[in-house]
Amino acid sequence: MNRILITGAFGQLGSEITDELRTKYGESNVVASDISKDHPKAKEGIFEYLDVTDAERLEEIVEKHGITQIYHLAALLSSVGESKPQMAWDINMNGLVNVLEIARKRNLDKVYWPSSIAVFGPDSPKQDTPQNTIMNPTTMYGISKLAGEKLCEYYHAKFGVDVRSIRYPGLIGWKALPGGGTTDYAVDIYHKAVNNEPFECFLAKGTALPMMYMDDAVRGTIELMEAPAEKIKVRTSYNFSAISFTPEEILASIQKIVPELEMTHNPDHRQGIAESWPQSIADDHARKDWGWTPEFDLDRMSEDIIKNLREIYY
Ligand code: AKB
């Protein structure tokens, strides 16, 4: 019987994965944890307050609920990580060390931990960035993710911890808002479109980034976690890809449904972060090893998000 703990359960990805895992494994087998106590989702299902840098509290929760798997999603993202680099290192690295240690000590079945395209840097190939290439990230977020990947690989090789990971592109969903990322504009633009407001983009024209619809990301993550262990050949983190677009391309896709949407550009410090990242990702290892295939292209994603947001707002 799987008993799953999710950290960062009220974040953009956490809220969607928590719902999906509860549907799949039953409410009583999925424990949501987060540093935010007052979130409305704290009242849905089993909830535990958790600061992931507190190893004792983590152990107490794992013991109390007989946890067998952890989805460790709590992290500070790229943009906020640049304004709080020490905090980003502390949460992103020490949180991961605590989770891997508990998995080793208590012989947990599996751990999931997200990495990011932020592990790549200005020296990496920009187009179809391969799984194994020069990395050299320049953000604290990217540095913590690259170090985390090596830590996961080490815990697998040295202690046999079954830790699995994906390098996410920008994730775009309609259920929860992201916070502190460089790809967040591609979520905000849909809310502006549905509310008939003009959109000011913090990235410049022509800035292409790898992106993915949340439904694909959640499905792919659970597929990776359910794949037989012998299929998982990459124990750092898998490149994971679906779509890639510039601000003008997402605007054009939305304008097919909301022709009046207008966009202006006012690039800020996030432009530099975006320019240091790949524009598209080669994910042949994920496809070959555990059968990854994305389903949503840009227009299908736009249609689905706008339909769902219209139901929420009107
Ligand atoms: C961010 O923009 O920081 C994240 C990411 C690409 O990891 N969405």
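Owing to the predicted nature of the structure, the values given are computational and were not obtained by experimental measurement.
- Between M263 and E200 the shortest side-chain heavy-atom distance does not fall below 4.5 Å.
- Across every non-hydrogen atom of D51 and T53, the tightest pair is OD1-OG1, 2.7 Å.
- In this structure, the ring of F120 has its center no less than 6.0 angstrom from the ring center of W277.
- Residues Q279 and L209 form no side-chain contact, since every pair of their non-hydrogen atoms from C-beta on lies 4.5 Å or further apart.
- Note that the NE2 atom of H65 and the CD atom of E60 stand 9.5 Å from one another [nearest 0.5 Å].
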Inset, instruction - Could you go through the side-chain contact (heavy atoms from CB on, under 4.5 Å) check for L21 and I222 one step at a time? - result: CA-CA 8 Å; L21 291 174; I222 295 175; 3.8 Å; yes
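- Cation-pi geometry between R104 and F159 is met: the NZ or CZ atom falls under 6.0 Å from the ring centre, inside 45° of the normal.
- At least one donor-acceptor pair closer than 3.5 Å links the side chain of S241 to the backbone N or O of I281.
- Looking at heavy atoms from C-beta onward, T264 lies out of side-chain contact with P198 at the 4.5 angstrom threshold.
- Between the CD atom of E44 and the CD atom of E27 there is a distance of 8.0 Å, given to the nearest 0.5 Å.
- Put simply, the side chain of N266 never gets that close to the backbone of F202: no donor and acceptor are under 3.5 Å apart.
- With hydrogens and angles left out, the side-chain atoms of S78 and T139 include no donor and acceptor closer than 3.5 Å.
- Side-chain contact, S302 with Y190: a donor N or O sits under 3.5 Å from an acceptor N or O.
- Formation of a donor-acceptor pair under 3.5 Å by the S115 side chain with backbone atoms of I166 is not found in this model.
- Under the 3.5 Å distance criterion, with hydrogens and angles disregarded, no donor-acceptor pair is assigned to the side chains of Y141 and W89.
- N2 contributes no side-chain N or O that, together with a main-chain N or O of I4, makes up a donor-acceptor pair within less than 3.5 Å.
- Considering only heavy atoms from C-beta on, P247 comes within 4.5 Å of H265 through its side chain.
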Legend entry - Evaluation steps, side chain to side chain donor-acceptor pair (under 3.5 Å), between Y238 and D289: CA-CA 10 Å; Y238 276 99; D289 291 356; 2.7 Å; yes
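- With 3.5 Å as the limit, one finds no donor-acceptor pair spanning the side chains of E153 and T236.
- Within the 3.5 Å criterion, the main-chain N or O of F10 finds a donor-acceptor partner in the side chain of D34.
- Between the K145 side chain and the P114 main chain, a donor and an acceptor come within less than 3.5 Å of each other.
- The line from OH of Y71 to CD1 of I6 is 8.0 Å long, rounded to the nearest 0.5 Å.
- Side-chain contact check for T183 versus L171: every heavy-atom pair is 4.5 Å or farther apart.
- By the 6.0 Å and 45° rule, K37 stacks over the aromatic ring of Y49.
- Two residues are said to be in side-chain contact when any heavy atoms from C-beta on lie closer than 4.5 Å; H285 and K233 fail this criterion.
- Using modelled atom types and a 3.5 Å distance limit, the side chains of E101 and Y155 yield a donor-acceptor pair.
- Atom OG1 of T138 sits about 7.5 Å away from atom CD of E82, to the nearest 0.5 Å.
- Residues M301 and I172 have side chains in contact (heavy-atom distance under 4.5 Å, counting atoms from C-beta outward).
- Between the side chains of S237 and S165, at least one donor-acceptor pair of N or O atoms lies under 3.5 Å.
- With 3.5 Å as the limit, one finds no donor-acceptor pair spanning the side chains of E48 and S33.
- The 12-atom threshold is not exceeded at CD of E262, counting heavy atoms of other residues, nucleotides or ligands nearer than 6.0 Å.
- Between the side chain of H72 and the backbone N or O of V111 there is no donor-acceptor pair closer than 3.5 Å.
- Side-chain contact, Y168 with T221: a donor N or O sits under 3.5 Å from an acceptor N or O.
- N195 places no side-chain N or O within donor-acceptor distance of the main-chain N or O of E197, the cut-off being under 3.5 Å.
- One side chain, D299 or S253, offers a donor N or O that lies under 3.5 Å from an acceptor on the other.
- Here CE of M225 is found 9.5 Å from CG of D109. Values are rounded to the nearest 0.5 Å.
- The main-chain N or O of A282 is found under 3.5 Å from a side-chain atom of N239 such that the two form a donor-acceptor pair.
- For H156 (side chain) and V161 (main-chain N/O), a donor-acceptor pair under 3.5 Å exists by modelled atom type.
- Because its NZ or CZ atom is not both nearer than 6.0 Å to the ring centre of Y314 and within 45° of the ring axis, R310 does not count as a cation-pi partner of that residue.
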Inset, instruction - Go through the steps to decide whether E275 and T207 satisfy the test side chain to side chain donor-acceptor pair (under 3.5 Å), and finish with yes or no. - result: CA-CA 7 Å; E275 281 173 11; T207 313; 5.4 Å; no
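- Here the straight-line distance linking atom CD1 of I305 with atom CD1 of I254 works out to 7.5 Å at 0.5 Å rounding.
- No side-chain heavy atom of P130 sits less than 4.5 Å from a side-chain heavy atom of N132.
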